[in-house]
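Along the sequence shown, the residues carry numbers beginning at 1. Values below: all heavy atoms of this structure, side chains included; hydrogens, waters and symmetry mates excluded.
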Amino acid sequence: MRALLEDIAKEVRPLAETGTVAQYIPALAAVPPSKFGMALVRADGETFTVGDAEEPFSIQSISKLFALSIAMEWLGDALWARVAREPSGMRFNSIIQLETEGGIPRNPFINAGAIVTTDALLAHDTSYRDLLLGEIRLLSGNPDVAYDDEVHRSEIRTGDLNRAMAFVLKAHKNLNGDPLKVTEAYFGACSIAMSALDLARAAMFLVAPQQGRTICGEGLHARRIRAIMRTCGLYDQSGEFAFQVGLAGKSGVGGGILVVQPNQFAACVWSPPLDQYGNSVAGQAALEKLALELL
């Protein structure tokens with residue numbers, strides 16, 4: 001397995017040159033585009049890594065996976081009265097789609113859907129920010145996972161479109177809290193820094209039953225989360241990723257892509273340069289090659 005990951009890394013690293021590191025968040029624009037890390041954790045717990053797999057990076061929208069998991073545990077089906085479960089077919093930050101569809105986000109993995117999820121979680125427990133971090137630390141087994149304050153400040157400075165979406169949600173009576181406070185909490189979740197290995201370990205609750213109790217559930221919730229990952233996890237490129245790779249996945253504009261295969265493994269690739277959809281170029285190629293070998 002280690003040799004396979006090394007071969008994949010060697011083959012796909014050059015593809016990163018065709019992408020561009022996220023520019024609209026200054027703290028992300030400063031990340032070296034040459035970074036590449038890949039980690040795989042098998043159902044039995046054995047781990048394999050290559051490259052920069054243990055270097056923390058900004059997980060960005062991958063955090064939406066863990067927020068959704070907690071929301072499904074805390075809120076149950078009440079969440080789906082406010083957020084749909086359909087692919088967006090448009091940019092992950094489209095305010096046009098949100099407005100034309102009456103303030104109901106297409107799914108919890110686009111920005112508007114994650115803002116609604118954050119609002120619901122804050123209404124349930126105002127200490128949600130600390131609980132989210134604690135849950136991710138528990139799942140990953142890394143007590144040092146933390147919020148990146150520089151990234152958080154950078155997102156607050158440049159997050160006008162997300163704030164605009166929050167006010168549209170408020171106007172459509174689909175946001176209960178203060179739009180500014182809700183978006184600040186949302187930015188905080190996106191700023192969490194983790195390594196590819198941390199993320200692969202944290203996603204194991206979607207692969208096989210885990211010892212110990214966490215907020216994130218298993219069974220039916222895990223199956224439904226994987227379904228949403230397959231249809232919505234890579235924004236408006238989700239269908240193509242499902243066709244080429246065939247794994248349930250969630251990406252982030254920090255350059256990470258996390259995937260799971262029930263009863264087999266969780267894997268995460270980090271390569272900052274993105275394509276036009278906001279997904280890692282080399283990361284997608286690496287996971288396609290991995291899937292060809294393992295599925």
Side-chain angles (χ1 to χ4, degrees), residues 25 27 56-76 78-79 82-83 92 105 107-156 159 162 166 169 175-206 210 212-218 221-222 224-225 228-229 233 250-254 256 258 260 266 268:
I25 301 174
F57 64 94
S58 181
I59 69 172
Q60 292 294 308
S61 285
I62 299 176
S63 66
K64 296 170 183 175
L65 169 62
F66 302 104
L68 174 62
S69 301
I70 296 173
M72 291 176 69
E73 286 294 309
W74 283 1
L75 309 172
L79 176 67
R82 301 179 59 186
V83 184
F92 56 82
N107 64 71
F109 287 161
I110 57 174
N111 292 14
I115 290 170
V116 170
T117 302
T118 302
D119 178 58
L121 289 166
L122 286 170
H124 184 86
D125 193 323
T126 56
S127 62
Y128 157 67
R129 187 176 188 272
D130 294 331
L131 289 168
L132 173 65
L133 184 61
E135 181 68 12
I136 289 176
R137 285 174 172 173
L138 181 62
L139 288 169
S140 66
N142 184 356
D144 295 325
V145 170
Y147 291 100
D148 186 322
D149 292 335
E150 180 184 357
V151 173
H152 192 193
R153 289 192 297 269
S154 188
E155 295 216 40
I156 290 173
N162 286 308
L169 290 164
L175 199 82
N176 297 317
D178 179 339
L180 299 180
K181 292 181 179 178
V182 173
T183 49
E184 185 171 344
Y186 164 71
F187 294 145
C190 291
S191 75
I192 291 173
M194 300 175 69
S195 69
L197 180 57
D198 288 334
L199 281 165
R201 285 174 169 160
M204 288 303 292
F205 76 99
L206 295 169
Q210 302 295 294
R213 182 173 179 81
T214 67
I215 297 173
C216 295
E218 298 169 352
H221 282 179
R224 288 179 169 173
I225 290 167
I228 298 172
M229 292 170 72
K250 183 70 196 85
S251 64
V253 296
L258 175 65
V260 296
C268 184

Side chain to side chain contact (heavy atoms under 4.5 Å, CB included) partners of Leu122, counting only residues at least two apart: Thr118, Tyr128, Val182, Ala185
Ser69 vs Ile225 side-chain heavy atoms within contact, under 4.5 Å: yes
Phe57: partners by ring-ring contact (aromatic ring centres under 6.0 Å, His included), with sequence neighbours left out: Trp270
With sequence neighbours excluded, residues passing side-chain hydrogen bond (donor to acceptor under 3.5 Å, both in side chains) with Gln60: Ser58, Glu155
Qualifying residues under side-chain hydrogen bond (donor to acceptor under 3.5 Å, both in side chains), relative to Asp148, sequence neighbours excluded: none
Point-to-point distance, once rounded to the nearest 0.5 Å, from CE of Met204 to CG of Leu199: 13.5 Å
For the student: nearest non-hydrogen atoms of Leu175 and Ala166, plus distance: CD2-O, 3.5 Å
Flag side-chain contact, heavy atom, 4.5 Å: Ile192 against Ile62: no
CD1-NZ distance between Ile59 and Lys250, expressed to the nearest 0.5 angstrom: 10.0 Å
Test item: Met229 and Leu206 side chains (from C-beta on) under 4.5 Å apart, heavy atoms: yes
Residues which pass side chain to side chain contact (heavy atoms under 4.5 Å, CB included) with Pro56, listed by chain and number, not counting sequence neighbours: Ala193
Contacts of Ala120 that satisfy side chain to side chain contact (heavy atoms under 4.5 Å, CB included) - sequence neighbours left out: Leu75, Arg82
Minimum heavy-atom distance Leu133-Ala146, with the two atoms named: CD1-CA, 4.0 Å
Side chain to side chain contact (heavy atoms under 4.5 Å, CB included) between Leu131 and Ile70, worked out: CA-CA 9 Å; Leu131 289 168; Ile70 296 173; 5.9 Å; no
For Ala202, side chain to side chain contact (heavy atoms under 4.5 Å, CB included) partners two or more places apart: Phe66, Leu139, Ser140, Met194
Exercise: identify the closest heavy-atom pair between Ala200 and Ala266: O-CB, 3.4 Å
Any Phe187 side-chain heavy atom under 4.5 Å of Ile25 side chain: no
Pair listing, side-chain hydrogen bond (donor to acceptor under 3.5 Å, both in side chains) test, anchored in residues 175-185, at least two apart: none
Smallest separation among heavy atoms of His221 and Met72, with atom names: CE1-O, 3.1 Å
Nearest atoms (heavy-atom pairs only) where Val116 meets Pro105: CG2-CG, 3.8 Å
Anything under 3.5 Å between a donor and an acceptor, one on a side chain of residues 107-114, the other on a protein residue two or more places apart or in another chain? List them.
{"unit_1": "Asn107", "atom_1": "OD1", "unit_2": "Phe109", "atom_2": "N", "d": "2.8"}
{"unit_1": "Asn107", "atom_1": "OD1", "unit_2": "Ile110", "atom_2": "N", "d": "3.1"}
{"unit_1": "Asn107", "atom_1": "ND2", "unit_2": "Glu86", "atom_2": "O", "d": "3.0"}
{"unit_1": "Asn111", "atom_1": "OD1", "unit_2": "Lys64", "atom_2": "NZ", "d": "2.7"}
{"unit_1": "Asn111", "atom_1": "OD1", "unit_2": "Tyr186", "atom_2": "OH", "d": "3.3"}
{"unit_1": "Asn111", "atom_1": "ND2", "unit_2": "Asn162", "atom_2": "OD1", "d": "2.9"}

Taking every non-hydrogen atom, the tightest pair across Ala71 and Leu79: CB-CD2, 4.0 Å
Inter-residue atom distance Asp130.CG - Asp125.CG, 0.5 Å rounding: 9.5 Å
CA sep, side-chain torsions, deciding dist, call: Ser195, Asp198, side chain to side chain donor-acceptor pair (under 3.5 Å): CA-CA 5 Å; Ser195 69; Asp198 288 334; 3.2 Å; yes
Heavy-atom donor-acceptor pair, Ser191 side chain to Gly188 backbone, under 3.5 Å: yes
Residues Thr117, Leu121; criterion side chain to side chain contact (heavy atoms under 4.5 Å, CB included); working and verdict: CA-CA 6 Å; Thr117 302; Leu121 289 166; 3.9 Å; yes
